[in-house]
A.B. asks: 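Shown below is the structure under consideration.
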Amino acid sequence: MTDLHTMRHSAAHVMAQAIKELYPNAQFAFGPETEDGFYYDVKIPDGALKQEDLGKIEKLMQRIQKAKKPFEQAEISREQALELFKAQEFKIKALNGLLKDSATLTTYTQDGFTDLCRGPHVENTGQIGAFSIDRIAGSYWLGDSKNESLQRVYGLCFATRDELKEYKTMLEEARKRDHRETGKKLDLFSFHDEGPGFVFWHAKGLKVFNMLLDHIRSLYSKQGAQEIKTPEVLSVELWHQSGHYENYRDSMYFTTVEDREYAVKPMNCPGAILTYKTALRSFRDLPLRLMEMGHVHRFELSGVLHGLFRARAFTQDDGHLFCAPEQIEEEISLFVDAVMSTYKVFGFDDITIYIATRPEHSMGTEEIWETATNALKVPLDKKGIPYKIKEGEGAFYGPKIEFNVKDCIKRNWQLGTIQVDFAMPERFELEYVGSDGNRHRPVMLHRAILGSLERFLGIYIEHVSGNFPVWLAPVQVMLLPVTDNQNGYCGELSQILADAGIRAEVDFAGERVNKKIRNAQMVKVPYMLIIGEKEAGAKNLSVRLRTGETVNEIPVERFVSAVKGLAASRAAALWDEPLAPPQRTEA
RNA sequence: GCCGGUGUAGCUCAGGGGUAGAGCAACUGAUUCGUAAUCAGUAGGCCCGGGGUUCAAUUCCCCGCACCGGCUCCA
């Protein structure tokens with residue numbers, strides 16, 4: 001069997017050959033394999049590759065593949081290499097840069113096309129499996145934005161046609177789940193030219209957002225955190241003191257009034273710190289757990305904006321905790337529990353934890369770093385929760401834990417974090433009075449369960465593909481009168497549901513039930529109540545679930561208690577007992 | 001920010017040097033219907049913005065802006 005990595009690597013060479021046939025002057029940089037195929041960074045001296053070229057490249061590649069041309073390896077000296085690739089500027093740069101210590105080099109040749117490469121490769125081009133040229137994008141020489149920009153041609157490559165097809169189906173699935181599309185379809189939010197990168201929450205989207213907000217609030221509250229709210233615009237001097245100005249002024253928004261300069265907050269911690277400093281704290285006050293649903297603004301480069309995933313203003317569930325060093329461990333322990341159980345509520349069961357340790361440039365003594373890093377590890381060890389170490393990837397001001405989840409199409413997302421911070425207490429000269437009567441410096445912990453609520457909602461929308469569970473659904477119940485004769489009764493019913501705290505709407509459109517069902521399905525309402533003569537007479541309900549299943553002859557009180565129960569328990573299920581199979585389902 | 005692409009009705013998209021079309025949605029009328037689209041009609045457009053070429057630009061060229069795919073970045 002041919003190894004997939006080798007196959008992909010070889011496919012990159014074949015693609016380069018095909019590109020060279022189309023553009024003889026093409027300059028090639030690097031062409032490695034990726035998680036789903038391969039790419040090659042190229043420069044076309046007079047012009048650029050176009051979308052239309054991809055089909056041509058693919059056809060050429062298929063021709064080369066069919067011809068089963070052998071890959072031939074050769075060892076050459078530096079001098080030979082410099083001569084051989086003299087027309088390839090990036091190969092020359094590589095030879096004089098990354099490869100400057102190699103006395104001999106390896107080349108691979110297939111079908112008259114030679115590339116500098118360590119290998120290994122498949123025996124012949126017939127062995128490269130199923131591929132397709134996927135897309136074209138920008139990149140930089142050596143990945144540095146200061147360098148010349150190149151074009152990156154991506155290809156997918158798998159051992160078999162079926163695997164390639166399956167992977168493409170998965171990509172298509174991801175595309176269909178795109179939260180930006182769902183946001184439009186379900187009337188949740190919008191973006192506008194007038195405020196690029198800023199979310200406009202519509203009534204339905206804000207409903208979901210606020211439910212989420214309440215949920216997170218109650219979690220923090222259970223942990224003994226007190227919610228505060230600090231200003232969005234604060235004097236620029238504060239940001240000098242915190243160090244944010246120095247490091248992040250390029251991504252901050254500024255404004256000047258009455259000759260004094262202010263910045264829109266990019267973080268919430270200085271606000272929490274000023275709050276801490278309003279009193280002389282005692283060791284009895286610690287740990288002092290503050291938290292803020294802080295709305296922060298960060299100027300992001302136009303090219304990186306991406307719906308809710310990357311916006312220029314967002315809401316952080318930002319906890320700030322002030323404690324003595326020996327209290328860190330207990331706090332971490334509490335927090336880890338909260339995070340793990342929170343993610344499970346949302347159906348994120350695959351959680352990976354990283355501990356990021358001391359980087360080269362950092363502040364604080366070796367002992368305090370060790371104490372803090374151990375304080376992060378010990379609770380995880382005690383709970384038997386596995387974690388990985390990211391060596392030297394902590395912040396300069398302290399180590400941190402990062403929580404990652406995998407969504408239902410296997411994409412990885414970093415959500416929560418808890419960071420130990422020695423820097424801020426120092427910069428702001430925070431103190432508390434210890435039992436010894438002396439003043440001590442507290443340690444600060446920054447923590448977030450979801451990070452950005454906006455981003456989390458984007459991830460979650462894609463995770464459930466817009467099918468919110470009962471507790472989060474902006475409209476929980478849609479009442480569908482079969483004819484106009486039931487309109488009045490539906491109005492009364494929806495009032496009963498509203499009084500019970502259930503979010504219900506009536507579809508009064510002069511349409512057939514089929515159409516009303518379709519419309520409700522399209523916006524993914526969990527419950528549809530079909531109200532005809534029968535139901536109006538018997539005062540019972542015919543319930544159609546979003547999943548296509550039905551439960552009939554349900555007394556109103558029974559329905560109300562089921563929905564309320566499922567919402568209160570934040571269940572993913574739509575009914576509280578076994579169901580008859582669906583009559584019909586459609587994606 | 002950089003590279004490439006896109007920008008036409010509320011939405012999804014077609015079209016193309018002689019100022020525009022479809023489906024859905026909206027509105028009106030008819031239909032009163034039982035678990036994913038009833039029928040007919042009406043209305044709807046500074047063809048992203050600004051320059052240029054041309055007798056004539058929504059179409060071609062240049063410059064912006066926004067969005068999409070990446071790269072870089074993400075305290």
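Chain letters run A, B, ... following the sequence lines, proteins first and then strands; every chain starts at 1. For the numbers below, each heavy atom of this structure counts, side chains included, while hydrogens, waters and symmetry mates do not. Just so it is clear, the structure is predicted and the values come from calculations on it, not from any experiment.
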A.B. asks: Taking only side-chain N and O atoms of A:Lys534, does any of them lie within less than 4.0 angstrom of OP1 or OP2 on B:rU35?
C.D. replies: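 A:Lys534 to B:rU35 OP1/OP2: no side-chain N or O under 4.0 Å.
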A.B. asks: Could you go step by step and tell me if A:Lys515 and A:Asp507 meet the salt bridge (charged side-chain N to carboxylate O under 4.0 Å, His left out) rule?
C.D. replies: CA-CA 10 Å; A:Lys515 181 61 172 290; A:Asp507 186 348; over 6 Å; no
A.B. asks: For atom P, what is the distance between B:rG15 and B:rU6, given to the nearest Å?
C.D. replies: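 Rounded to whole Å, the distance is 12 Å.
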A.B. asks: When you compare B:rG44 with B:rU72, how far apart are their P atoms, in angstrom units rounded to a whole number?
C.D. replies: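 The same atom, P, in both gives a distance of 50 Å.
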A.B. asks: With the threshold set at 4.0 Å, does a side-chain nitrogen-carboxylate oxygen contact exist between A:Arg411 and A:Glu462?
C.D. replies: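 Here A:Arg411 pairs with A:Glu462 in a salt bridge, since their nearest N and O are under 4.0 Å apart.
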A.B. asks: Considering only side-chain heavy atoms of A:Pro196, which listed nucleotide, B:rA66, B:rU38, B:rU35, is closest?
C.D. replies: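 The nucleotide sitting nearest to the side chain is B:rA66.
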A.B. asks: Look through every strand shown and name the nucleotide pairing with B:rC33 as Watson-Crick or G-U wobble, where both distances are under 3.5 Å.
C.D. replies: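 Paired with B:rC33, as far as the under-3.5 Å criterion goes, is no nucleotide at all.
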A.B. asks: Between A:Arg180 and A:Glu533, who's closer to the 5' end of RNA chain B by nearest nucleotide?
C.D. replies: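 On the 5' side of the pair lies A:Glu533.
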A.B. asks: Provide, to the nearest angstrom, the distance between the NZ atom belonging to A:Lys184 and the C1' atom belonging to B:rA25.
C.D. replies: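 Going from NZ in A:Lys184 over to C1' in B:rA25 covers 14 Å.
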A.B. asks: Under 4.0 Å between a side-chain nitrogen and a carboxylate oxygen: does that hold for A:Glu402 and A:Lys388?
C.D. replies: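 No, this pair does not count.
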A.B. asks: Flag the pair A:Glu172 and A:Lys176 as a salt bridge only when some basic side-chain nitrogen lies within less than 4.0 angstrom of an acidic carboxylate oxygen.
C.D. replies: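 A salt bridge is absent here (no side-chain N lies under 4.0 Å from a carboxylate O).
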A.B. asks: Distance check needed: B:rC3 P versus A:Tyr39 OH, whole Å only.
C.D. replies: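 The distance from OH of A:Tyr39 to P of B:rC3 comes to 19 Å, rounded to the nearest Å.
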A.B. asks: What is the distance from CD of A:Glu511 to P of B:rA25, rounded to the nearest Å?
C.D. replies: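 Interatomic distance, CD of A:Glu511 to P of B:rA25: 7 Å.
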A.B. asks: Aromatic rings A:His240 and A:Tyr245: how do their planes relate, parallel, tilted or perpendicular, breaks at 30° and 60°?
C.D. replies: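 A:His240 and A:Tyr245: tilted rings.
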A.B. asks: Describe the nucleic acid contact of A:Glu535 in one word from base, sugar-phosphate, nothing, applying a heavy-atom distance below 4.0 Å.
C.D. replies: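 Here A:Glu535 touches the bases of the nucleic acid.
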A.B. asks: Report the distance from atom CG of A:Asp41 to atom C1' of B:rG4, rounded to the nearest whole Å.
C.D. replies: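 In whole Å, B:rG4 C1' and A:Asp41 CG are 13 Å from each other.
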A.B. asks: Checking base pairs now: Watson-Crick or wobble, both atom distances under 3.5 Å. What partners B:rU59?
C.D. replies: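 No nucleotide pairs with B:rU59.
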A.B. asks: Using atom CZ of A:Phe198 as one end and atom P of B:rA66 as the other, report the distance to the nearest whole Å.
C.D. replies: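 It works out to 11 Å between those atoms.
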A.B. asks: Provide the distance between the two P atoms, one in B:rU38 and one in B:rG34, to the nearest whole Å.
C.D. replies: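 Looking at atom P only, B:rU38 and B:rG34 are 12 Å apart.
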A.B. asks: In the strands shown, is B:rA9 matched to any nucleotide by a Watson-Crick or G-U wobble pair with both distances under 3.5 Å, and which?
C.D. replies: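 Base-paired to nothing in any strand shown.
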A.B. asks: With a 3.5 Å cut-off and just heavy-atom distances, do the side chain of A:Asp484 and the base of B:rU32 make a donor-acceptor pair?
C.D. replies: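 Indeed, a donor on one side and an acceptor on the other fall under 3.5 Å apart.
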A.B. asks: Between A:Phe348 and A:Phe456, how do the two ring planes meet: parallel, tilted or perpendicular, split at 30° and 60°?
C.D. replies: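 If you compare the ring of A:Phe348 with that of A:Phe456, the planes turn out perpendicular.
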A.B. asks: So what does A:Thr483 touch, heavy atoms closer than 4.0 Å: a base, only the sugar-phosphate, or nothing?
C.D. replies: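 Base: the residue A:Thr483, judged by heavy atoms under 4.0 Å, touches a nucleobase.
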A.B. asks: Please report the distance separating the C1' of B:rG17 from the corresponding atom of B:rU54, rounded so that it comes out in whole Å.
C.D. replies: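 Each nucleotide's C1' atom is 9 Å from the other's.
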A.B. asks: If you assign A:Ile530 and A:Asp193 each to the RNA chain B nucleotide with the nearest heavy atom, which residue ends up on the more 5' nucleotide?
C.D. replies: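 First, find each residue's nearest nucleotide; the 5'-ward one identifies A:Ile530.
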A.B. asks: Return the value, rounded to whole Å, for the distance between atom CG of A:Asp507 and atom P of B:rU35.
C.D. replies: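 Nearest whole value for this atom pair: 16 Å.
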A.B. asks: With a non-hydrogen cut-off below 4.0 angstrom, is A:Gly510 in contact with a base, only sugar-phosphate, or nothing?
C.D. replies: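 Base contact - A:Gly510 has a heavy atom under 4.0 Å of at least one base atom.
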A.B. asks: Taking the C1' atom of each, how far is B:rG69 from B:rC62, in whole Å?
C.D. replies: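 After rounding to an integer number of Å, I get 25 Å for this pair.
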A.B. asks: Any salt bridge linking A:Lys229 with A:Glu292? Criterion: basic side-chain nitrogen under 4.0 Å from a carboxylate oxygen.
C.D. replies: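 Looking at A:Glu292 together with A:Lys229, the answer is no, because their closest N to O distance does not fall below 4.0 Å.
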A.B. asks: Take the protein atom NZ of A:Lys515 and the nucleotide atom C1' of B:rC39, then report the distance between them rounded to whole Å.
C.D. replies: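 Answer to the nearest Å: 12 Å.
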A.B. asks: Of the nucleotides B:rG34, B:rC3, B:rA36, which one has an atom closest to the side chain of A:Gln151?
C.D. replies: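 Among the listed nucleotides, the one closest to the side chain of A:Gln151 is B:rC3.
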A.B. asks: Starting at CZ of A:Arg512 and ending at C1' of B:rA30, how long is that distance when rounded to a whole Å?
C.D. replies: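 The distance from CZ of A:Arg512 to C1' of B:rA30 comes to 12 Å, rounded to the nearest Å.
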A.B. asks: Find the partner of B:rG17: check Watson-Crick (N1-N3 plus N6-O4 or O6-N4) and G-U wobble (N1-O2, O6-N3) distances, both under 3.5 Å, and reply none if neither fits.
C.D. replies: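 For B:rG17, the partner nucleotide comes out as none, under the 3.5 Å rule.
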A.B. asks: Could A:Asp178 and A:Lys185 be called an ion pair, given the rule that one side-chain N must be under 4.0 Å from one carboxylate O?
C.D. replies: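 Judged by the 4.0 Å cut-off on N to carboxylate O distance, A:Asp178 and A:Lys185 do not form a salt bridge.
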A.B. asks: Any strand counts, and the cut-off is 3.5 Å on both contacts for Watson-Crick or G-U wobble. Which nucleotide pairs with B:rC2?
C.D. replies: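 When the pairing criteria are applied, B:rG70 turns out to be the nucleotide that pairs with B:rC2.
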A.B. asks: Paired with B:rA26: which nucleotide, if any, by Watson-Crick or G-U wobble criteria at under 3.5 Å for both distances?
C.D. replies: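 Pairing partner: B:rU42.
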A.B. asks: When you compare B:rC73 with B:rA14, how far apart are their P atoms, in angstrom units rounded to a whole number?
C.D. replies: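 Comparing P positions in B:rC73 and B:rA14 gives a spacing of 35 Å.
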A.B. asks: So does A:Lys534 pair up with A:Glu553, basic N to acidic O under 4.0 Å?
C.D. replies: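 No.
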A.B. asks: At under 4.0 Å between heavy atoms, what does A:Lys146 touch on the DNA or RNA strands: base, sugar-phosphate, or nothing?
C.D. replies: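 If one applies the 4.0 Å heavy-atom cut-off, A:Lys146 turns out to touch nothing in the nucleic acid.
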A.B. asks: Can you find an N or O donor on one side and an acceptor on the other, under 3.5 Å apart, linking the side chain of A:Arg544 with the base of B:rA36?
C.D. replies: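 Indeed, a donor on one side and an acceptor on the other fall under 3.5 Å apart.
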A.B. asks: For atom P, what is the distance between B:rC27 and B:rG10, given to the nearest Å?
C.D. replies: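 B:rC27 and B:rG10 have their P atoms separated by 15 Å.
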A.B. asks: Do the rings of A:His463 and A:Tyr460 sit parallel, tilted or perpendicular, given the 30° and 60° boundaries?
C.D. replies: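 Tilted, since the angle between the ring planes falls between 30° and 60°.
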A.B. asks: Which base sits across from B:rU54 as a Watson-Crick or G-U pair, both distances under 3.5 Å?
C.D. replies: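 Its partner is none (no Watson-Crick or G-U wobble pair with both distances under 3.5 Å).
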A.B. asks: Using only side-chain N and O atoms of A:Asn514, determine if any of them is under 4.0 Å from OP1 or OP2 of B:rA37.
C.D. replies: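 It does, given that an N or O in the side chain of A:Asn514 lies less than 4.0 Å from OP1 or OP2 of B:rA37.
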A.B. asks: Produce a footprint string for nucleotides 70-75 of chain B: one letter per nucleotide, 5' end first; B if the base is under 4.0 Å from any protein heavy atom, S if only the sugar-phosphate is, - if neither.
C.D. replies: BBBBBB
A.B. asks: Looking only at atom P, what distance separates B:rA43 and B:rU32, rounded to whole Å?
C.D. replies: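 So the two P atoms sit 27 Å from each other.
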